[in-house]
There are 2 protein chains.
Amino acid sequence: MSSILDVAKVAKVSKSTVSRVLSGNNYGVSEETKIKVEKAAEEMGYVKNYLASSLRTNQTKTILLIIPDVSNNFWAEVARGAQDYFDKMGYSLILANSDGDNNKQLKYLKMAQRNKVDGILINTNDTLLDEIQNTGLPFVLIGNANSTSRFPRVSSDSYEGIKRALEYLYDNGHRKIAMVSPSNKDSALSKVSNRVNSYSDFLESHKMEFKEEYFFCCQPNLKDGEELAVKISKMQNPPTAIIAANDLFAAGFINEAVRRKIRIPEDISVIGVDDIPLASMINPKLTTLEKPKHLLGKVAAETIISVIKGEEVIQNNKLPVNLIIRESSKSI
Amino acid sequence: MSSILDVAKVAKVSKSTVSRVLSGNNYGVSEETKIKVEKAAEEMGYVKNYLASSLRTNQTKTILLIIPDVSNNFWAEVARGAQDYFDKMGYSLILANSDGDNNKQLKYLKMAQRNKVDGILINTNDTLLDEIQNTGLPFVLIGNANSTSRFPRVSSDSYEGIKRALEYLYDNGHRKIAMVSPSNKDSALSKVSNRVNSYSDFLESHKMEFKEEYFFCCQPNLKDGEELAVKISKMQNPPTAIIAANDLFAAGFINEAVRRKIRIPEDISVIGVDDIPLASMINPKLTTLEKPKHLLGKVAAETIISVIKGEEVIQNNKLPVNLIIRESSKSI
DNA sequence: CTGAAAGCGCTAACAC
DNA sequence: GTGTTAGCGCTTTCAG
């Protein structure tokens, strides 16, 4: 492996000059020597050792991304969006899966300091904010728009999204609209959830009553979707529309509902959230609130680079979500 | 940021002693001083700078993973499997998406050298093998079991898997079994594809004839699956079973077949390949050959670490695939 | 415009 | 068992 010194010898200059040329920092290097150096480096197939460079400059051009799980399509898309942008900017992306576990997140944060990454992109709950700050590293939070806005954060605008979905249902004649909140009842009702806020604000502004029986707290997975279908199939006065926890949940709901002879969308319109690939593959194709997954990753990536550069960034950047109307919903 | 020297001062020892203790390399350090050093480091919240360490030791404890696309569930699972293992071993995982594009792969290979990763995990076609070797870095290939076996490689055993699926269909009375190959006809028939080899070997050993009309070459996606359903719906003598290009393809096939009043599995049994989450969510639930995605990543990770250590590794490690029987297939 | 020299924080001979 | 010293390969003053 040839070093800067080898290049210097071949080009018959000092290694500082080589460094000046090769780091792009060639203020005050004559065009002539510049070419001489570049040619020498090219000829001998020199590749710069970023490790040594980083040790000096204290920047690694590497970002740590901490997400719950890449094998969840949502996070995979976010990762992809981020990596695409980083790649363009000459950055590398270290991937870390936390499963939402605080201990794992702490472990990765520690690693970040040792490995000297330039910044951290993380999806986390509010309990770890202090520790994140204590790393002393630049960071950007991803997701959880409802949380504190003291820090740079990019997430999707669920408040507006849910409102959009409710408007669509309302305009199509629905008045008995059930809402599923992917959180526990306490935090949901304590005004911490954008989704619930959006729901209750909408009801209020449309002179509708908040009914406990149309409000559900469930885990955003297939199983809970199926369970809700069971529950609803037994209701005397079931809703005519439902906004699911997410697409997976909606898929489970539809499967079980159909098994119980509830027709979708004739009996109940269902709207998912996320727009995962599955959404357009099930039958009926799912109407859903599309979250800008890839964009979320890209904007988060842009933001962390801005933070690193010391630029001013938006503290709580909410990306618009989009209602995709497919086959699982209809007017009444 | 405190350094090893600060710790040395506090503990009143030399920095080499500190290094000896903190790098775990404490041969010939008295228990007493060891404790003294550890306490000092702990107190001042010292965190080791791996950059400096790496520059000296020439190892970064970082592996580069080059896959086509994380937002494809198959690769996401592989990435997750690898990262889980690396994490346990104290390694970091740099993620790179190539979209199968040679130029992108080359770019990442170049990066690997500069960033001094300890090794490379890559899914690639055979055209880039020389360039990969030329990096001088340890590497392990992922996937494409049918390709050259001159290098360490881990992939799933499609030959055996397809055989298993065929046996299942045969034992259940099927004699008109169609095969879809996710490659073009030339390479498929030129004995390069494990899948096709497995198919023709099976036919031969069961005294069945290879019929052109039951052999299809398609892209492994939803659209091509739908198209094949159209084609098959028009056949005079359609197959009673079909092994799809993959699960996505199978989903497309089923959707379109049902639309054309072909009953699955009553009229045609269909078997997918991959076992993506979708497989168990569509109706009917898909019988499929499950590839050991997570395991693939894990074993690849294990293997690269072995290669780095200079240990002997299996050159062409084929992981067993598993037939999951669900609802899309039945006996005749 | 270019070179000499110091040093980033760590490890690894080599002494004692 | 512990300290001294010389770098790893680069960037960056500081001279000239």
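Below, chain A is the first sequence line, B the second, and so on; all start at residue 1.
Within 4.0 Å of B:T33, counting heavy atoms only, lie sugar-phosphate atoms of the nucleic acid but no base atom.
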I'd like a table of donor-acceptor pairs (distance under 3.5 Å, sequence neighbours excluded) in which one partner is a side-chain atom from residues 43-53 of chain B, with atom names and distances.
| unit_1 | atom_1 | unit_2 | atom_2 | d |
| --- | --- | --- | --- | --- |
| B:N49 | OD1 | B:L51 | N | 2.8 |
| B:N49 | OD1 | B:A52 | N | 3.3 |

Please list every donor-acceptor pair under 3.5 Å in which a side-chain atom of residues 292-301 of chain B meets a protein atom from a residue at least two apart or in another chain.
| unit_1 | atom_1 | unit_2 | atom_2 | d |
| --- | --- | --- | --- | --- |
| B:K293 | NZ | B:D274 | O | 2.5 |
| B:K293 | NZ | B:D275 | O | 2.9 |
| B:H294 | NE2 | B:D84 | OD2 | 3.1 |

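In this structure, a donor-acceptor pair under 3.5 Å is present between the side chains of A:T127 and A:N102. Between the side chains of A:T33 and A:S30, at least one donor N or O lies within less than 3.5 Å of an accepting N or O. No side-chain N or O of A:S306 forms a donor-acceptor pair with one of A:T303 less than 3.5 Å apart.
Taking a heavy-atom distance under 4.0 Å as the criterion, the stretch of DNA chain C touched by chain B extends 5' to 3' from C:dG9 to C:dA13.
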Problem - Footprint string (nucleotides 9-16 of chain D, 5' to 3'): B base within contact, S backbone only, - free, heavy atoms under 4.0 Å - result: BBBB----
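Residue pairs that meet the side-chain hydrogen bond (donor to acceptor under 3.5 Å, both in side chains) test with at least one member in residues 132-142 of chain A, sequence neighbours left out, do not exist here.
Counting to the nearest Å, the P atom of D:dG7 and the CG atom of B:N58 are 17 Å from each other. Look at CD on B:Q59: it is 18 Å from P on D:dC8, rounded to the nearest Å.
Residues satisfying the ring-ring contact (aromatic ring centres under 6.0 Å, His included) test with A:F86, not counting sequence neighbours, are none.
More than 12 non-hydrogen atoms from other residues, nucleotides or ligands lie less than 6.0 angstrom from CD of B:E311.
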